[in-house]
Structures are given as structure tokens and as C-alpha cells.
Amino acid sequence: MLKEFREFAMKGNVVDLAVGVIIGAAFGAIVTSLVGDVIMPIIGAITGGLDFSNYFTGLSKAVTATNLADAKKQGAVLAWGSFLTLTLNFMIVAFVLFMVIRAMNTLKRKDEAKPAEPPKPTRQEELLTEIRDLLKKS
């Protein structure tokens, strides 16, 4: 059973998937940092520091708090601001990923469009070409 598991774990697809997951997690952290540390502060500066995450609607009369954390302790709330913030973050992350993939595809197309150099003729082909040229001259 151990041998069978080792064979399964060492198959190319499993290893490729593991590498993809690890790189994906690292790339996800980079994109999350880009959104949270670069893009969102710029959006916050443009909108005057507007933060939707504390916007909510209380679903019972017991909810009287003015911030979301306290309101959740008091009762059921519809935290539509958090949903809006996460949706906005998702849209930004999706756009950044789209731009990265688009740039990678552009570079890939440029590499594919480069004409390949014709293969250098073999020594035999060079000799045959010389013989042909000598026969033409005579």
C-alpha cells in the first residue's frame, strides 16, 4: 500500500498540481497585498476615506449599535457593507489577474511570432552545394 501511494504521489500530474497550488497561494498573497496595500488606499483617498465595511441594517429592534462588530453581538444584522467591500475587492483582484494573464499571453504570442532561424546545413549538404556550383561553372 505504501509503494502504491508513493507511485501515486510521484506522478507528474500530482507534482505539477502541488507546485501550481503553492505558486497560486504565493501569487494570491501578492495580489491581496497589491489590492489591500496599494489600490484600496488610493481608492480611499479618492473617495475621502469612505469605508463600506461598517454599513449594515439591523434585522431586529434589539440592534442599536453604530458599528458592525457591536451590532452582531446585539442580534441579527444584514452586513451589506462588508459584502459590498468584498465584492469590490473581488472585482479589483479579478481585474489585476486579467491584466497579468493578458500581459503573459501577449509575451507568449510575441515569442511564438519570432521566426525560427533556418537550420544550418550539414557538412554533406555544403559539399553537395559546392559540387553543384562547380558543375554550373563548367
Side-chain angles (χ1 to χ4, degrees):
M1 186 170 148
L2 185 61
K3 180 182 175 187
E4 187 178 345
F5 176 73
R6 188 180 71 214
E7 288 175 5
F8 167 76
M10 298 310 290
K11 284 185 179 176
N13 294 340
V14 174
V15 174
D16 291 345
L17 179 63
V19 170
V21 167
I22 292 168
I23 290 175
F27 186 73
I30 290 170
V31 172
T32 301
S33 175
L34 175 68
V35 170
D37 300 332
V38 177
I39 295 173
M40 288 309 285
I42 293 170
I43 291 174
I46 291 171
T47 61
L50 187 61
D51 182 17
F52 295 110
S53 61
N54 264 329
Y55 289 12
F56 65 93
T57 301
L59 297 178
S60 70
K61 294 188 190 262
V63 178
T64 58
T66 57
N67 66 26
L68 182 60
D70 292 337
K72 284 184 176 182
K73 291 176 186 173
Q74 293 176 345
V77 293
L78 184 65
W80 58 271
S82 294
F83 178 75
L84 187 64
T85 301
L86 290 174
T87 301
L88 181 63
N89 286 350
F90 170 77
M91 296 300 284
I92 293 169
V93 168
F95 180 74
V96 168
L97 287 175
F98 169 74
M99 295 304 289
V100 167
I101 291 171
R102 185 174 178 220
M104 289 173 53
N105 286 340
T106 301
L107 291 174
K108 189 176 180 181
R109 274 188 242 121
K110 283 182 182 178
D111 286 344
E112 290 173 357
K114 288 182 183 177
E117 291 184 21
K120 189 175 180 182
T122 64
R123 181 67 182 144
Q124 183 180 3
E125 290 172 339
E126 289 175 359
L127 289 173
L128 289 172
T129 304
E130 288 177 22
I131 292 171
R132 182 197 63 204
D133 293 342
L134 287 173
L135 288 173
K136 280 184 182 178
K137 286 182 183 178
S138 52

**Message:** Grouping I, L, V, M, F, W and Y whenever their side-chain heavy atoms are under 4.5 Å apart, do F27 and I101 come out in a common cluster?
**Reply:** no

**Message:** Quick check on the hydrophobic clustering: are L86 and L78 connected, directly or via other members, by side-chain heavy-atom contacts under 4.5 Å?
**Reply:** no

Closest non-hydrogen atom pair between [X] and [Y], with its separation:
X: V63; Y: A76; result: CG2-O, 3.7 Å
X: L68; Y: V77; result: CD1-CG2, 4.0 Å
X: A65; Y: A71; result: CB-N, 3.5 Å

**Request:** Please list all pairs passing the ring-ring contact (aromatic ring centres under 6.0 Å, His included) test where one or both residues lie in residues 55-94, with sequence neighbours left out.
**Result:** F52-Y55, Y55-W80

**Prompt:** Atom OG1 in T87, atom CE in M91: separation rounded to 0.5 Å?
**Reply:** 8.5 Å

**Request:** Nearest 0.5 Å please: distance from the CD atom of Q124 over to the OG1 atom of T129.
**Result:** 10.5 Å

**Request:** Sort and list the pairs that fulfil salt bridge (charged side-chain N to carboxylate O under 4.0 Å, His left out) and have at least one residue in residues 120-129, not counting sequence neighbours.
**Result:** R123-E126

**Set of residues satisfying side-chain hydrogen bond (donor to acceptor under 3.5 Å, both in side chains) with respect to N67, sequence neighbours excluded** = D70

**Item:** side-chain hydrogen bond (donor to acceptor under 3.5 Å, both in side chains) involving D37 - partner list, sequence neighbours excluded
**Value:** S33

**Request:** For side-chain contact (heavy atoms from CB on, under 4.5 Å), just list the numbers for R132 and L128, CA-CA rounded to whole Å, side-chain angles, deciding distance to a tenth of an Å, and then say yes or no.
**Result:** CA-CA 6 Å; R132 182 197 63 204; L128 289 172; over 6 Å; no

**Request:** Evaluate the side-chain proximity of V19 to I23: yes if any heavy-atom separation is below 4.5 Å, no if none is.
**Result:** yes

**Complete:** Sorted by chain and residue number, the side chain to side chain contact (heavy atoms under 4.5 Å, CB included) partners of E4 (sequence neighbours excluded) come out as none

**Set of side chain to side chain contact (heavy atoms under 4.5 Å, CB included) partners for V38, sequence neighbours left out** = L34, I42

